[in-house]
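Input: a single structure, listed below in structure tokens.
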Amino acid sequence: PSSAASDVYKRQDRDGTKIGYDLEILSLLSQTMTIPIIASGGAGTLKHIADAFTIGKADAALCASIFHFGEYTISDAKNFLSKQGILVRD
């Protein structure tokens, strides 16, 4: 049997603040851990999400607040990330 593992890194003090992810820690975790890293806590703009991938080297990003409050749609995020050269799922 196969198993899957990943680690969600969430800065609780950034959750809902929309000031961006902790890119320094994300990058460090991504460089040192062998499992996928999921960024969480702090996304306020589409650039923050892109930065989680390009600077923080995250494998995935959680970004609920910007969608729940209608600031962006999931399509907005996918289009923005795709234009930045970041692979997104259909």
Side-chain angles (χ1 to χ4, degrees):
S2 65
S3 63
S6 64
D7 188 28
V8 175
Y9 174 70
K10 179 177 182 178
R11 280 283 305 262
Q12 187 64 35
D13 60 329
R14 287 185 182 228
D15 194 33
T17 63
K18 301 179 186 175
I19 61 172
Y21 301 101
D22 186 337
L23 300 175
E24 184 177 340
I25 296 295
L26 279 174
S27 180
L28 178 66
L29 290 172
S30 295
Q31 291 173 38
T32 58
M33 298 185 75
T34 59
I35 59 173
I37 302 298
I38 303 169
S40 179
T45 67
L46 299 178
K47 184 171 183 332
H48 289 157
I49 302 168
D51 288 347
F53 295 112
T54 59
I55 298 170
K57 306 298 181 192
D59 297 286
L62 300 176
C63 38
S65 292
I66 64 173
F67 301 130
H68 290 306
F69 298 114
E71 295 166 43
Y72 300 99
T73 66
I74 293 172
S75 291
D76 292 336
K78 287 183 172 188
N79 290 334
F80 182 83
L81 294 172
S82 183
K83 288 178 183 175
Q84 304 300 310
I86 299 167
L87 183 64
V88 295
R89 293 181 184 175
D90 289 331

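Here the structure is a predicted model, which is why all the values come from computation and not from measurement. Excluded from the calculations below are hydrogen atoms, water molecules and symmetry mates; all remaining heavy atoms, backbone and side chain alike, are included.
Rounding to the nearest 0.5 angstrom, the gap separating the CG atom in Leu46 from the CD1 atom in Ile66 is 5.5 Å. The distance from atom CD of Glu24 to atom CG of Leu29, rounded to the nearest 0.5 Å, is 11.0 Å. Residue Asp22 holds its CG atom at 10.5 Å from OG of Ser27, rounded to the nearest 0.5 Å.
Exactly one of Asp51, Ile49, Ile55 qualifies for a side chain to side chain contact (heavy atoms under 4.5 Å, CB included) with Phe53. That residue is Ile49.
At a cut-off of 3.5 Å, with distance as the only test, a side-chain donor of Asp76 or Thr73 sits close to an acceptor on the other residue.
When hydrophobic clusters are built by joining Ile, Leu, Val, Met, Phe, Trp and Tyr residues whose side-chain heavy atoms come closer than 4.5 Å, directly or via intermediates, Leu28 is not grouped with Leu26.
Smallest separation of non-hydrogen atoms from Glu71 and Gly44: OE1-O, 4.0 Å. Here the closest heavy-atom approach between residue Tyr72 and residue Phe67 is recorded as O-CD2, 3.4 Å. Residues Tyr21 and Ala43 come closest through the heavy atom pair OH-CB, 3.3 Å. For the pair Phe69 and Lys18, the tightest heavy-atom approach, listed with the atom from each and the gap, is CD1-NZ, 4.1 Å.
Remark: side-chain polar atoms of Ser30 are paired, donor with acceptor, to backbone N or O of Gly56 under 3.5 angstrom. Remark: the backbone N or O of Ile37 is paired with a side-chain donor or acceptor of Asp59 at under 3.5 angstrom. Looking at Lys78, its side chain does come within 3.5 Å of a backbone N or O of Arg89 through a donor-acceptor pair.
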